[in-house]
Peer 1: 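Here's a structure for you.
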Amino acid sequence: MSDLVLTEQVGNVLVVTLNRPEVRNALNPELMEELSAVLRAAEADTEVRAIVLTGSGTVFCSGLDLKAFAAGGSIKALVWFYHRSVATPVVAALNGSALGGGFELMLACDLVVAAEGAKLGIAEVKRGLFAAGGGTALSARVPMAAALEMGLTGDPVTAERALELGLVNRVVPADRVPAEAMGLAERIAQNGPLGVAMTKKLMREQRWCTPAEVDEVFKSADAMEGARAFAERRPPVWTGR
């Protein structure tokens with residue numbers, strides 16, 4: 001493992017940092033493969049109940065590393081992250097702009113805290129490409145007119161406009177982004193992990209639960225623990241089972 005992706009565990013929250021500040025955290029195949037490996041490992045770790053994803057320096061992610069792409073680099077890992085997602089909730093901490101593939105990383109996250117004035121958008125059409133990592137699904141998140149304007153012009157919007165469109169949860173001064181994102185992640189991590197994972201899954205898939213999915217959570221040891229903890233007026237101790 002290189003230092004392209006940094007990790008730090010704080011309680012039950014894993015902080016993951018894209019670490020190519022010299023190129024504004026642009027996504028090359030090596031960074032994306034490493035990020036995918038980190039997220040897969042986090043998903044399998046019962047001690048990780050929420051993830052904060054951020055960037056080093058003053059930019060979250062400037063998108064695809066066009067030099068690497070021109071040299072034959074693959075975008076498969078970026079497409080995996082968007083379409084596969086992870087069961088563990090991910091909070092994006094946008095310390096700065098998120099453009100192109102960086103915007104698609106943001107879309108793949110569950111909650112977003114953005115710095116005031118940050119630029120967000122998909123500029124792929126300006127380079128003869130299209131947003132293949134999930135940006136074309138923007139029309140499912142915002143009004144069609146807004147999605148088409150962003151996608152067809154390639155022009156970014158501000159974090160403040162993204163908040164109006166419902167693309168981000170909070171817009172705060174840049175120096176408050178890490179604490180705000182960590183606060184959201186810690187609140188998620190306090191909840192029952194099975195219930196959280198199922199909530200994310202069903203909301204992402206926009207569907208009702210099946211009887212088997214109800215049993216999976218409602219008949220779990222954690223469900224019993226949650227009820228006992230409530231009755232005994234104490235914090236629950238989750239096991240993820």
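Just so you know, these numbers come straight off a predicted model, no measurement behind them. Numbering starts at 1 and runs along the sequence shown.
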Peer 1: Taking the side chain as C-beta and beyond, is there a heavy-atom pair between I51 and L39 under 4.5 Å?
Peer 2: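 SC-SC contact between I51 and L39 confirmed.
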Peer 1: Cut-off 3.5 Å, no hydrogens considered: what does the side-chain donor-acceptor table look like for residues 120-138, sequence neighbours left out?
Peer 2:
residue	atom	partner	partner atom	Å
K126	NZ	T153	O	3.3
K126	NZ	D155	OD1	3.3

Peer 1: Is there a side-chain contact between L167 and F103 (heavy atoms, below 4.5 Å)?
Peer 2: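 Contact flag for L167/F103 side chains = yes.
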Peer 1: List, by chain and then residue number, the residues other than M144 in its hydrophobic cluster (Ile/Leu/Val/Met/Phe/Trp/Tyr, side-chain heavy atoms under 4.5 Å); write none if there are no others.
Peer 2: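 Joined to M144, directly or through intermediates: L148, L152.
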Peer 1: D222: which residues meet the salt bridge (charged side-chain N to carboxylate O under 4.0 Å, His left out) condition with it, sequence neighbours left out?
Peer 2: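 Testing D222 for salt bridge (charged side-chain N to carboxylate O under 4.0 Å, His left out), a comparison that skips the adjacent residues, returns none.
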Peer 1: CG/D175 to CD/E116 distance, rounded to the nearest 0.5 angstrom?
Peer 2: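 It comes to 9.0 Å.
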Peer 1: For Q9, what residues pass the side-chain hydrogen bond (donor to acceptor under 3.5 Å, both in side chains) criterion, not counting sequence neighbours?
Peer 2: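 In terms of side-chain hydrogen bond (donor to acceptor under 3.5 Å, both in side chains), with neighbours along the sequence ignored, Q9 is linked to no residue.
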Peer 1: Nearest 0.5 Å, please: how far is CG in L35 from CG in L27?
Peer 2: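 Here the rounded value is 8.0 Å.
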Peer 1: Looking at R24, is its backbone amide N or carbonyl O close enough to the side chain of S62 to form a donor-acceptor pair, meaning the two atoms are under 3.5 Å apart?
Peer 2: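 At least one qualifying donor-acceptor pair exists.
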Peer 1: Restricting to salt bridge (charged side-chain N to carboxylate O under 4.0 Å, His left out), what partner residues turn up for K200, sequence neighbours left out?
Peer 2: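 Residues passing salt bridge (charged side-chain N to carboxylate O under 4.0 Å, His left out) with K200: D110.
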Peer 1: E180: what forms a salt bridge (charged side-chain N to carboxylate O under 4.0 Å, His left out) with it, not counting sequence neighbours?
Peer 2: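 Checked E180 against salt bridge (charged side-chain N to carboxylate O under 4.0 Å, His left out); matches are R170, R176.
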Peer 1: Pairs of donor and acceptor atoms involving the side chains of residues 11-21, under 3.5 Å and at least two apart or interchain, shall be tabulated with distances.
Peer 2:
residue	atom	partner	partner atom	Å
N12	ND2	E47	O	2.9
N19	OD1	S56	OG	3.3
N19	ND2	D3	O	2.8
R20	NH1	A26	O	2.9
R20	NH1	D65	OD2	3.0
R20	NH2	D65	OD2	3.3

Peer 1: Please examine the side chains of C109 and L53, heavy atoms only from C-beta on, and report whether any two atoms are closer than 4.5 Å.
Peer 2: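 Sidechains of C109 and L53: in contact.
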Peer 1: Which pairs would a plain distance check flag for residues 223-236, meaning a side-chain donor or acceptor within less than 3.5 Å of a matching protein atom at least two apart in sequence or in another chain?
Peer 2:
residue	atom	partner	partner atom	Å
E225	OE1	R234	NH2	3.2
E225	OE2	R234	NH1	2.6
E225	OE2	R234	NH2	3.3
E225	OE2	V237	N	2.9
E232	OE1	R234	NE	2.6
E232	OE1	R234	NH2	3.4

Peer 1: Residues in salt bridge (charged side-chain N to carboxylate O under 4.0 Å, His left out) with R161, at least two apart?
Peer 2: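 Listed in chain order: E164.
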Peer 1: Please enumerate all residues that pass side-chain hydrogen bond (donor to acceptor under 3.5 Å, both in side chains) together with T54, with sequence neighbours excluded.
Peer 2: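 By the side-chain hydrogen bond (donor to acceptor under 3.5 Å, both in side chains) rule, T54 matches N95.
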Peer 1: Distance-only, no hydrogens or angles: does the E43 side chain make a donor-acceptor pair with backbone N or O of V86 under 3.5 Å?
Peer 2: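 A pair under 3.5 Å: no.
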Peer 1: Suppose we screen for side chain to side chain contact (heavy atoms under 4.5 Å, CB included). Which residues come up paired with Q190, at least two apart in sequence or across chains?
Peer 2: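 Q190 satisfies side chain to side chain contact (heavy atoms under 4.5 Å, CB included) with no other residue.
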Peer 1: As an exercise, state the distance from OG of S97 to CE of M106, rounded to the nearest 0.5 Å.
Peer 2: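 The OG atom of S97 sits 11.5 Å away from the CE atom of M106.
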Peer 1: Any heavy-atom pair between the side chains of T199 and V196 that's under 4.5 Å?
Peer 2: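 Counting from C-beta outward, V196 and T199 never come under 4.5 Å.
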Peer 1: Please report the interatomic distance CG(L105) to CG(L94), rounded to the nearest 0.5 Å.
Peer 2: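 Atom-to-atom, L105:CG and L94:CG are 10.0 Å apart.
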Peer 1: Sorted by first residue and then second, give each salt bridge (charged side-chain N to carboxylate O under 4.0 Å, His left out) pair with at least one member in residues 209-221; sequence neighbours left out.
Peer 2: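 For residues 209-221: K201-E213, R207-E213, D215-K219.
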Peer 1: Mind checking the CG-CD spacing from L6 to E34? Nearest 0.5 Å is all I need.
Peer 2: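 Going from CG on L6 over to CD on E34, the span is 8.5 Å.
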Peer 1: Are any non-hydrogen side-chain atoms of T158 and V171 less than 4.5 angstrom apart?
Peer 2: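 The answer is no, as the side chains (C-beta and beyond) never meet within the 4.5 Å cut-off.
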